[in-house]
Protein chains: 2
Amino acid sequence: MYSFTEENYLKTIFYLSIGTQEGVSTNALADSTNTRAASVSDMLKRLAEKGLINYQKYRGVTLTEEGERLALLVIRKHRLWEVFLAEKLQFGWDEVHVIAEELEHIRSERLIEKLDAFLGYPKFDPHGDPIPNAAGEMPRFIYRKLSEIVEGTTVIMTGVSEHSPAFLQHLDKAGLTLGCQLKVNEISDFDKSVSVLIDNVRTLFVSHEVAKNLLVK
Amino acid sequence: MYSFTEENYLKTIFYLSIGTQEGVSTNALADSTNTRAASVSDMLKRLAEKGLINYQKYRGVTLTEEGERLALLVIRKHRLWEVFLAEKLQFGWDEVHVIAEELEHIRSERLIEKLDAFLGYPKFDPHGDPIPNAAGEMPRFIYRKLSEIVEGTTVIMTGVSEHSPAFLQHLDKAGLTLGCQLKVNEISDFDKSVSVLIDNVRTLFVSHEVAKNLLVK
DNA sequence: TAATTTTTTTAGATTAGTCTAAATTTTTTA
DNA sequence: TAAAAAATTTAGACTAATCTAAAAAAATTA
């Protein structure tokens, strides 16, 4: 049985590893976990002893197979609880993350399998992120950013790459929700902002900053 | 914000206080929390400093008003999660306690109020125990034990005073569930076992040991 | 490539919660 | 009510997770 803290380190290493071959640096982990590099060093030694990470002093860390499996099981729990909070308890997608950060550490396999069934085996969380299966495997989809779509193309909004409440609330105000259809009318030469036609009914100007964080297919 | 451990001590003091005027003893707490008396002494000092308990060395402890309010809020969360587990996730009443022991420490007032609403504002948990309100107040019902009911009387099973999985599973096998009607036919002179007519359809012999732990009205 | 800067690790402390063993207080009993 | 027993507290230590400050290694730059 691993501690909340250990589970959080594994999860953080997993997220920081996405899209790189290299190991995750001590400083990056200290930033993400709101601790100091010295504390991270200590913890990395312990996780390495337990066989959850590959660690050599002064080189970064990567997860072992077992470490990645555990990280994905924590992420599975997090995302399933997020679905519960959003769909059953009517929390906004900007509110679910903080609560799921606690719920993800509840230890009961049966609980999470029954929750999965209760929710109807959802494949995605409220932010469009895929939910790993009980074996700790997660399908990897490759989505494009709205900022990379060429003019005239029509796409579907499938996710976000930024999960802060501020960003999600901004999308709420703009009426941008998962699954909506976006037709890229024009990209401004001046500030790269995007004019989009939403669900064929109304036009909206989306800043480049926002467009970079909208995932579409 | 109080730690899991502190919340558990408060809850334990609350339960051990039921039905006594005197304070709870250090040893009783050590037994209930699976720790040693020395550890309990340490913790009692800390809880007293925080104003959650009334504590004088070598005398027992009682909860302050604030301590009792907090204990009841933890119990509220525990019991609401038990209802969720039993009614929504189809866990047996013998399984819900262990999982709720973890869920009761999730910190979010909004979560628990939304959960309460989602469950339809239940008044009792799956064992028939009343659920405290958001202010930390709990109605106190006075139930009798089946073992105290005189022959010929008809009562309704409303709760249990023993919550172990073994006991609850025993009741399941006997077909004794909350809400069933029990007519006391005869009490054995020999072993005090009780012959009861259940829901007017079948007769069952209930041992004195079981009858003592069945609450009826 | 030598010097400087940055990153990382080590050393030594701290806190919460726990422990054992010893000391102290209270309760029981003779 | 004095002695014995039981209950409780204190003393001192341990572990996990953290910290600051100092040392060491790696990376960058001149």
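Every heavy atom of this structure was used, including side-chain atoms; hydrogens, water molecules and symmetry mates were not. Per chain, numbering begins at 1; letters A, B, ... match sequence-line order.
- Distances were taken from every side-chain heavy atom of A/Ala38 (C-beta onward) to each of D/dT20, C/dT18, D/dA17; the shortest belongs to D/dT20.
- Contact annotation for B/Thr26: backbone-only contact, meaning every heavy-atom pair under 4.0 Å involves sugar-phosphate atoms and none involves a base.
- Between A/Tyr9 and D/dT18, a side-chain N or O to OP1/OP2 separation shorter than 4.0 Å is present.
- Atom CG of B/Asn34 is separated from atom P of C/dG17 by 17 Å (rounded to the nearest Å).
- Among the nucleotides C/dG17, C/dT24, D/dA27, the one closest to any side-chain atom of B/Tyr58 is C/dT24.
- The nearest heavy atom of DNA chain D to A/Asp42 and to B/Ser39 marks one nucleotide each, and the one closer to the 5' end goes with B/Ser39.
- Among the atoms of the strands shown, only primed sugar atoms or phosphate atoms (P, OP1, OP2) are found under 4.0 Å from some heavy atom of B/Thr5.
- Annotation: cation-pi pair A/Lys217/A/Phe141 absent, no NZ/CZ under 6.0 Å from the ring centroid and within 45° of its normal.
- For the pair A/Leu29 CG and C/dT9 P, the interatomic distance rounds to 10 Å; values are reported in whole Å.
- Taking atom CE of residue B/Met1 and atom P of nucleotide C/dT15, one finds them 21 Å apart after rounding to whole Å.
- Between B/Arg36 and C/dT18, a side-chain N or O to OP1/OP2 separation shorter than 4.0 Å is absent.
- At D/dT8, none of the side-chain N or O atoms of B/Tyr55 fall inside 4.0 Å of OP1 or OP2 (strictly under the cut-off).
- Remark: C/dA21 base-pairs with D/dT10. Criterion, Watson-Crick or G-U wobble with two distances under 3.5 Å.
- We find that CD of B/Glu6 is positioned 10 Å from P of C/dT18, with the value rounded to whole Å.
- OP1 or OP2 of C/dT9 sits under 4.0 Å from a side-chain N or O of A/Ser41.
- Taking 4.0 Å as the cut-off between side-chain N and carboxylate O, B/Lys11 and B/Glu101 count as a salt-bridged pair.
- A close approach under 4.0 Å does occur between a side-chain nitrogen or oxygen of B/Asn27 and OP1 or OP2 of D/dT8.
- Under 4.0 angstrom from either OP1 or OP2 of D/dT10 there lies at least one side-chain N or O belonging to B/Lys45.
- B/Phe4 comes within 4.0 angstrom of no nucleic acid atom, judged by non-hydrogen atoms across all strands.
- In this model, the phosphate group of C/dA16 is not approached by any side-chain N or O of B/Arg46 to a distance below 4.0 Å at OP1 or OP2.
- Put simply, A/Lys57 has no side-chain N or O that comes within less than 4.0 Å of OP1 or OP2 on C/dT7.
- In this structure, B/Met43 places its CE atom 16 Å from P of D/dT10, rounding to the nearest Å.
- At the heavy-atom level, A/Thr35 lies under 4.0 Å from the strands shown only through sugar-phosphate atoms.
- Look at CG on B/Asn8: it is 11 Å from P on C/dG17, rounded to the nearest Å.
- Side-chain contact check for A/Asn54 and A/Thr64: no donor-acceptor pair (N or O, by modelled atom type) lies under 3.5 Å.
- B/His97 and B/His78 are linked by a side-chain donor-acceptor pair at a separation below 3.5 angstrom, with hydrogens and angles left out of the test.
- Relative orientation of the B/Phe118 and A/Phe84 rings is perpendicular, given thresholds of 30° and 60° on the angle between their planes.
- Rounded to a whole Å, the CD atom of B/Glu22 is 11 Å from the P atom of C/dT27.
- Atom CD of B/Glu209 sits in a sparse spot, with 12 or fewer heavy atoms from other residues, nucleotides or ligands closer than 6.0 Å.
- Phosphate proximity of D/dA17 to A/Ser3: present, with a side-chain N or O under 4.0 Å from OP1 or OP2.
- The interatomic distance linking B/Gln56 (CD) with D/dT8 (C1') rounds to 14 Å, in whole Å.
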